[in-house]
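So the structure is just underneath, and the comments pick up after that.
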Amino acid sequence: MNSLIIAALLLVLLGLAYQTGWARGGALATATGTKVHSRPQYHASYVAVWTLVPALIVLLLWAVFGGGITLNFIREQIPADVLAGLDANGLNALVARIHALASGYGVVGEIQPYEAAAGNALRSFQFITFLGVVAAAAVAGLGAMLYARSRITARHRARNAVERVIGFVLFACSAIAILTTAGIVASLLTEAIKFFTFINPLDFFFGTVWAPNNAATGGDYGKYGLLPLLMGTLMITVIAMCVAVPVGLMAAIYLSQYAPRQLRAVAKPIIEILAGIPTIVFGFFALVTVGPFLRDIGAAVGLNINATSALTAGVVMGIMIIPFVSSLSDDILNQVPRTLRDGAYGLGATQSETIRSVLLPAALPGIVGAFLLAVSRAVGETMIVVLAAGNSPVLRGSIFEPVATITVSIVNQLTGDTDFAGPQSLVGFALGLTLFVITLGLNIFALYIVRRFREQYE
Amino acid sequence: MDTLTGNTRVTQSPDVTSTPVELSKRTTRLTARDVTVHYGSKQALHGISIDIPDRAVTSFIGPSGCGKSTFLRCINRMNDTIEGAKVGGTIKLDGEDIYDPSLDVVELRARIGMVFQKPNPFPKSIYDNVAYGPRIHGLARSRAEMDEIVHSSLRKAGLWQEVKDRLAEPGTGLSGGQQQRLCIARAIAVSPEVILMDEPCSALDPIATAIIEELIDELRENYTIVIVTHSMQQAARVSQKTAFFHLGNLVEEGNTSDIFTNPRNKQTQDYITGRIG
């Protein structure tokens with residue numbers, strides 16, 4: 001309700017300001033006869049920005065400081081003797097009860113008279129402050145609107161001012177993206193450092209046993225060796241790339257060089273649909289179809305292949321990233337200038353000779369970049385592994401046995417009852433940081449290679 | 001200063017007066033009869049018939065889009081690589097139909113080399129660029145033989161002096177004119193009988209153009225050369241036979257001296273005097 005009223009207020013201010021600016025700008029254009037610097041819509045946008053920003057600042061100030069002011073008000077409503085007898089948790093609980101009473105929700109237990117009184121007082125306080133804030137925002141907006149309107153003259157450069165505002169908005173949006181990344185990295189880092197106060201980093205990075213133990217249920221913290229998980233991740237990634245790279249690359253070569261146009265028009269979108277299938281669906285597919293299939297094949301040739309194994313997860317993950325590899329490689333192959341191909345054909349090279357000896361070398365850096373981007377996808381993939389890899393964090397060399405990966409272990413450690421005071425949950429952040437560093441490294445390497453490729457034809 | 005002597009020598013056009021006699025003695029290397037090309041439903045060439053003389057330079061001139069490059073690409077079947085292109089009529093190389101289904105296109109293209117409008121060296125070393133053709137056709141049995149082919153091709157293309165100390169450097173690092181001569185060396189390396197050149201100088205400056213023109217003049221001692229050009233001066237300078245194309249038709253063909261001094265067709269006259277095109 002309140003947010004609706006605020007939204008309505010802002011919209012009304014916006015409309016009013018825009019209309020005012022438009023009318024003023026338009027009047028100038030017809031009245032003065034001299035050349036007006038900016039068209040009416042720029043004057044309108046100028047006034048609108050001038051109106052909205054002060055109103056938003058007022059609302060923002062309340063959003064930041066309103067909570068503290070309200071809390072102070074509530075504390076004043078609580079009798080001093082009650083207040084004195086409360087610790088921090090008790091005070092929080094009481095404040096929550098008073099909030100619940102004020103908003104009309106019921107509370108558990110008997111309502112003390114002072115609680116009811118405080119609830120009523122809080123309700124009227126909230127009503128009055130809300131009205132006050134809305135009024136202050138409206139006044140600030142309207143005042144700024146009048147000021148902005150007074151500044152509009154024939155030579156006023158509203159157009160340039162709007163340009164600066166647009167520049168600032170664009171800057172703010174990119175800043176959000178960058179700050180979010182920085183914030184995530186910072187939170188990963190601080191939590192991971194907390195984890196390393198429990199577990200020696202050497203034991204984490206070079207430990208060969210993964211056996212976390214919930215200290216709350218007694219016993220020690222257990223062992224947090226990264227290597228079994230890293231091994232599982234690498235195994236599955238390598239198997240996935242062994243499936244995806246040849247198939248994806250050859251599909252790309254076929255589609256870009258051999259396929260008739262009509263076939264390409266149909267086949268490319270179909271391959272890209274594969275990229276649109278949710279990974280959890282690939283997970284079912286691995287668990288229900290591919291795993292048993294591989295087990296039966298293994299039985300037929302005398303191999304003992306577990307239905308949930310690194311092989312199953314890797315093969316299905318490879319299938320999942322085929323479209324990724326093929327569509328990137330396809331684009332890169334199409335970027336190789338046609339004149340190069342003509343040059344090879346003109347010398348009497350066959351199609352496959354041309355592709356092998358001219359097209360692929362020319363496109364190689366870009367294709368390697370595509371592979372590396374695909375690898376970082378495979379490293380970070382979770383759902384297929386949760387379902388199909390068997391979740392067995394034991395250091396083994398065989399791809400036919402169940403494994404666990406970094407991503408799956410994060411899921412295991414952070415689901416269910418979590419207590420962020422002990423290493424059994426904090427290890428999730430250390431694992432996340434490791435994963436982040438791996439994929440970041442791969443992405444930087446991929447971008448470096450892709451950039452080198454781009455310069456080759458300039 | 002090779003370039004300057006080359007320039008003066010080419011601009012003299014020494015052969016214009018002597019060619020009629022010489023040309024009539026030449027045997028015919030390529031014969032085209034009633035060649036048509038369709039790109040999808042659009043007809044690009046209407047019944048082209050022409051004889052290309054052996055060891056002489058034949059130039060195709062005409063305004064943009066007249067079909068001269070299209071016809072050139074028929075001669076080594078490069079149009080096969082364009083989707084939707086259909087070629088009709090017959091083209092014979094030494095009496096053998098090059099569109100015969102039993103003919104090996106790959107082998108044909110080794111006999112009829114091609115130099116393109118834009119220099120297109122492979123992103124490989126200078127040596128590997130020239131060695132590319134001999135390698136895929138298995139022309140050299142030893143390293144020494146391959147060296148010999150590469151060196152002599154670079155010499156014939158007039159590039160040897162400039163690149164002999166940096167054969168391992170990438171071909172893409174050369175200047176435009178050098179790249180184009182590298183492409184000519186690459187074409188020569190497979191010992192073709194015919195060399196097709198599709199506006200080989202259009203991306204080059206006048207000095208590089210003069211060097212290439214001089215080279216073409218030397219190469220006609222040993223090769224049958226067909227050149228497409230939009231520069232009439234170039235056609236007059238380097239070719240002994242000229243064919244004028246307009247709107248997909250072969251309007252007029254004959255000795256270069258006749259075409260430029262005494263055209264029979266009004267369209268040809270309009271084009272060479274600059275009224276159309």
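Below, each value reflects all heavy atoms present in this structure, side chains not excepted, and no hydrogens, waters or symmetry copies. Proteins get letters first, then strands, A, B, ... in listed order; numbering begins at 1 in each. Predicted model, so just to flag it, every value in this text is computed and none were measured.
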Bottom line for B:Ile112: the part with an atom under 4.5 Å from chain A's heavy atoms is backbone
Task: NZ or CZ of B:Arg186 within 45° of B:Tyr132 ring axis and under 6.0 Å - done: no
Of the listed B:Arg111, B:Lys118, B:Met114, B:Glu83, the one with the largest count of heavy-atom pairs under 4.5 Å with chain A is B:Glu83
The interface call for B:Arg73 against chain A, heavy-atom contacts under 4.5 Å, is side chain
Okay, B:Phe116 and chain A: the region with an atom under 4.5 Å from a heavy atom over there is side chain
So, the part of A:Arg341 with a heavy atom under 4.5 Å from chain B: the answer is neither
Should the pair B:Arg77 and B:Tyr99 be classed as cation-pi, given the thresholds of under 6.0 Å to the six-membered ring centre and 45° from the axis? yes
Okay, B:Pro121 and chain A: the region with an atom under 4.5 Å from a heavy atom over there is backbone
**Prompt:** When you check the side-chain N and O atoms of A:Ser326 and A:Ser329, is any donor under 3.5 Å from an acceptor?
**Reply:** no
Practice prompt. Give me the ring orientation class for A:Phe282 and A:Phe285: parallel if the planes are under 30° apart, tilted from 30 to 60°, perpendicular past 60°.
Written response: perpendicular
When B:Arg220, B:Arg29, B:Glu193 are each screened for side-chain contact (heavy atoms from CB on, under 4.5 Å) with B:Asp54, the one that passes is B:Arg29
